[in-house]
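Report on the following structure.
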Amino acid sequence: MDMYAHATLILVVIAATFTVAKLFKLSIELSMFAAAIAAFVVHTGNLPIRHIVEGAFTYYDVCLIFITATFFMSVLKESGGIVYMVRSIVKTFHKHRALCLFLLTVVLLIPGALTGSGAATVLTVGTLVGTVLTYMGISERKTAAIIFLCAAMSAAAPPINLWAMMAAAGSNMPYVGFMGPLLVLSVVGALFTMFYLGGKGKVVDLDKTLRELPEPPEGMNWFRVGLPFAVLFLLIIAGRVWPFDMPILGLPLMFVISAVVAILMSPKKLKIFAIAEETIHSLIPLVGIMIVVGVLIQSMALSGARGLISLGVVTLPLWVLFGTLWIILPVSEGLLQYAVAPLLGVPLVLLFNMKAMNPIIALSAMAVMWPVGDSLPPTAVVGRATVMELEFKGRYTEFLKACIVPSLFILLVCTLFLIFSNQLSFLVAG
Amino acid sequence: MKEKGLATVKVIAICLSVVAMILAGAAFYSHRTYKEPVVASEYVTQVKKLSDYFPDLKGTVNDCNIYIFEGSEPGGTVLLIGGTHPEEPGANLTAELIVENLRVKKGKVIVAIRANRSASTVTRPGDAYPQFYHIETPWGVKKFRMGDRWSNPLDSWPDPEVYVHYPSRQMLAYMDIRNFNRTWPGRKNGTITEKTNYAFMQLIEKEKVDLFIDLHEAELEYPVISTIVSHQRGVDIAAMTSMILSSTEFNIGMEYSPKELHGLSHREVGDHSRAISLLYEAPEPFLDRVRGITDERLLLTGKDPFVMKAGEFGLLYENIDENGWPIDVRVGRHASTFLTTLEMWSEFHPDLPIVIEGIPRYNDVIANGVGYYFKDPSAAPENRVFYE
Amino acid sequence: MFLNAVVTFLYYVLSAFIAFIILRNIIKTKSAQEAVLYCIMIIPFVLRVLRLK
């Protein structure tokens with residue numbers, strides 16, 4: 001069998017096994033794992049254990065960042081820091097709708113920006129901000145759409161964008177310089193969403209809103225909320241300013257240290273072990289999928305299936321990509337989650353390099369389009385989490401409809417970034 | 001699911017998980033601890049350890065062998081290193097071919113086969129590399145460790161949030177703190193990779209190295225390929241070498257080392273020592289992202305229809321046809337480039353000649369195969385067998 | 001640097017802690033599918049702690 005036929009066969013085996021596994025009601029992670037195993041078996045006629053286990057290591061460091069960052073956010077939430085922030089914003093700015101919406105957007109962007117996960121935003125600040133938005137006269141449907149899309153933009157926001165990190169790692173490309181383009185795209189996307197869907201409404205009923213929001217623990221103040229963030233920021237800066245005098249901490253330990261500061265700053269005693277356990281427990285679907293995606297990628301690399309996809313992508317004319325990526329990327333995200341970053345992202349980065357486009361701007365644009373698809377079935381991880389957390393009573397399609405206009409806006413801006421990547425090179429820094 | 005059924009599933013899943021850990025763990029362990037025998041040429045003068053130049057490395061994974069060959073007549077000194085990126089086997093195979101066959105008449109030749117041993121003890125997750133590759137020799141099959149581009153995380157963990165290069169302070173990708181060709185000139189108190197670069201810089205100084213050569217291979221999608229990258233002080237030698245080889249044996253280019261790109265050997269060794277630094281690149285289709293089946297065959301033959309197809313679309317910086325880029329061709333290129341470089345060096349520096357014998361040229365390696373030049377460790381005197 | 005060694009050690013502790021929690025989840029979970037997934041997930045954490053990969 002020639003290599004084209006063989007690699008195509010492997011892709012068919014992967015798709016078929018995945019579909020059958022889903023039909024048998026296996027979770028997406030296990031279906032993907034089953035597909036990877038089937039690919040290994042068909043390719044080697046054996047069960048190459050070393051390859052399976054090695055693949056599971058592909059995103060090991062990313063998983064550690066993900067887990068520790070989420071732990072940090074969980075500690076902040078449990079200590080009452082986040083509710084304090086939201087209450088303070090409402091109290092101080094309830095008469096200035098635009099400013100209030102802007103600050104709430106910032107609050108929504110922080111957890112996802114630090115953890116790389118939209119689910120983290122929904123779980124830590126989604127309900128709180130959602131409550132405030134509802135009291136600002138925004139319908140539940142629109143509130144859900146705002147929370148979801150801002151969560152998606154927070155996942156895309158720097159410093160941690162898992163799609164860009166995974167695709168960059170696969171392309172031997174430094175994850176450096178993404179700060180500017182990711183920040184511009186995600187902030188523009190989030191603000192457009194917030195003001196398009198929530199710009200009009202009634203004046204906030206302060207008393208009612210504050211009654212509805214949980215009370216922060218006694219003694220909580222801006223210093224206690226701010227210090228953990230300040231420590232995180234200082235550690236990152238110190239590693240860059242005094243790299244030869246400081247020990248190498250790495251992002252996961254920086255998050256742990258900041259979490260420890262948050263614990264020390266908390267006015268109430270926290271059950272640290274329980275928070276840590278709950279963090280890992282709640283992250284299992286996401287960490288699980290990253291580990292399984294690594295196994296799948298290894299099976300595809302071994303069998304040539306990855307090469308075939310890469311070849312297919314890099315030989316496409318650019319105008320076809322510009323015209324279709326805005327739909328392909330979100331849909332593929334809905335289908336495969338983070339797996340799309342190495343699968344489609346890596347060959348695309350390669351192509352952009354070859355076509356002398358700015359790969360950092362181009363990958364940033366893609367890495368903001370992907371999370372928009374997190375509301376799409378079959379996975380719809382963040383979308384489902386949003387409607388569940390906000391206890392949205394309507395149909396899921398209603399929620400999706402509310403997302404359409406801002407989603408199209410985000411996808412349009414990202415497509416423009418793709419097309420004009422070279423002209424936007426000045427954004428690359430940090 | 002009923003309690004009993006659930007318990008059964010759990011027990012079976014845990015057992016399978018443990019079995020997978022044991023089998024894979026054993027494979028990783030045997031790869032990490034596998035020792036490659038090297039039969040040094042009978043003309044080797046002495047074999048030192050890298051830690052002889054920087055004691056901090058003693059007992060670490062990166063305390064590699066340093067093979068020293070001195071001629072009967074004085075001359076210049078060249079240091080050649082293989083294994084900077086152990087996923088590029090043409091480099092360490094060429095270095096080993098030289099160690100096993102070299103005779104120096106004038107000057108001094110110093111060789112390290114596995115300059116960054118740590119990176120040769122791990123393969124890259126997600127890329128499905130084979131753990132070993134095998135070369136046919138007249139006396140049997142010789143087995144080599146396949147490695148990665150970066151040092152093993154077991155020897156250097158964690159990576160920083162961003163890697164700041166010493167001393168330029170240029171910011172590079174976090175994982176490149178484990179990339180031996182991004183950490184030159186090294187740092188005394190740095191990571192194992194930075195310390196290894198530092199140790200080589202000490203060696204360069206103590207042995208008064210005049211010429212430094214770093215062997216590499218590259219994917220065809222990468223613009224720096226089939227070329228000699230030269231520090232500005234070495235351009236005359238590199239250009240002449242490129243011209244002579246291109247008109248007599250094979251096409252090879254010559255490029256200036258970019259002054260603003262830090263951490264690479266062709267830049268930093270030249271900037272921070274008296275030595276002139278050169279870097280050779282040969283084509284290795286195995287490293288291309290569009291490659292098809294990833295296996296030892298592709299690694300050694302360099303034949304791949306997907307990479308060829310990418311070439312048809314004009315996406316490559318080097319030609320490829322159905323003959324691929326076999327390992328013999330790649331090693332042959334490095335061997336001839338080394339020989340011609342030394343000839344040019346001796347012409348440009350008649351007061352410091354380096355004259356050597358015993359090393360096959362491009363056509364010889366292709367005709368005989370690289371394995372032809374490796375000696376049987378079981379038949380060699382014990383004092384000439386070393387392990388990498 | 002001594003501090004770097006301490007940091008590295010902390011990373012092994014972190015990996016061990018995550019492996020431990022996954023193990024507890026294997027025992028506690030009522031879902032067979034979750035149990036299987038946890039058994040896959042625990043592998044890299046254990047092998048890293050054992051310094052095998």
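Proteins get letters first, then strands, A, B, ... in listed order; numbering begins at 1 in each. Small disclaimer: the values here were computed from a predicted structure and weren't measured.
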Seminar exercise, completed: Rounded to the nearest 0.5 Å, the OG atom of Ser27(A) sits from the CD atom of Glu34(C) at a distance of 8.5 Å
Problem set entry | Part of Met246(A) within contact of chain C (heavy atom distance under 4.5 Å) | backbone
Problem set entry | Contact class of Ser15(C) relative to chain A, heavy atoms under 4.5 angstrom | both
Exercise. Among Ala5(C), Pro44(C), Ser31(C), which has the most heavy-atom pairs under 4.5 Å with chain A?
Worked result: Pro44(C)
Exercise. Less than 4.0 Å between a side-chain N and a carboxylate O, is that true for Arg384(A) and Glu389(A)?
Worked result: no
Problem set entry | Per-residue contact mode, Leu26(A) against chain C (heavy atom under 4.5 angstrom) | both
Exercise. Counting heavy atoms not belonging to Phe233(A), are there more than 12 under 6.0 Å from its CZ?
Worked result: no
For this session: Hey, could you give me the CD1/CG distance between Ile42(C) and Asn25(C), rounded to the nearest 0.5 Å?
Result: 9.5 Å
Problem set entry | Thr279(A) versus chain C, the contacting section by heavy-atom distance below 4.5 Å | neither
Exercise. With chain C, which of Ile280(A), Ile284(A), Ile291(A), Ile248(A) has the greatest number of heavy-atom pairs at distances under 4.5 Å?
Worked result: Ile284(A)
Seminar exercise, completed: Turns out that what part of Phe2(C) lies under 4.5 Å from chain A's heavy atoms comes down to neither
Exercise. Going from CE on Met32(A) to CD1 on Ile37(A), what distance comes out if it is rounded to the nearest 0.5 angstrom?
Worked result: 13.5 Å
For this session: Count the heavy-atom pairs under 4.5 Å between each of Val53(A), Ile67(A), Leu253(A) and chain C, then report the option with the highest count.
Result: Leu253(A)
Problem set entry | Audit row: Leu251(A), Met254(A), side chain to side chain contact (heavy atoms under 4.5 Å, CB included) steps and yes/no | CA-CA 5 Å; Leu251(A) 269 176; Met254(A) 290 181 186; 4.2 Å; yes
Exercise. Do Leu343(A) and Met300(A) have side chains that get closer than 4.5 Å, going by heavy atoms?
Worked result: yes
Exercise. Tell me, side chain or backbone of Ile21(C) under 4.5 Å from chain A's heavy atoms, or both, or neither?
Worked result: side chain
Seminar exercise, completed: Okay, Arg48(C) and chain A: the region with an atom under 4.5 Å from a heavy atom over there is both
Problem set entry | Region of Val295(A) in contact with chain C, defined by heavy-atom distances below 4.5 Å | neither
For this session: For side chain to side chain contact (heavy atoms under 4.5 Å, CB included), just list the numbers for Ser79(A) and Ile263(A), CA-CA rounded to whole Å, side-chain angles, deciding distance to a tenth of an Å, and then say yes or no.
Result: CA-CA 7 Å; Ser79(A) 69; Ile263(A) 290 164; over 6 Å; no
Exercise. Does any heavy atom of chain A fall under 4.5 Å from the side chain of Leu10(C), the backbone, both, or neither of them?
Worked result: side chain
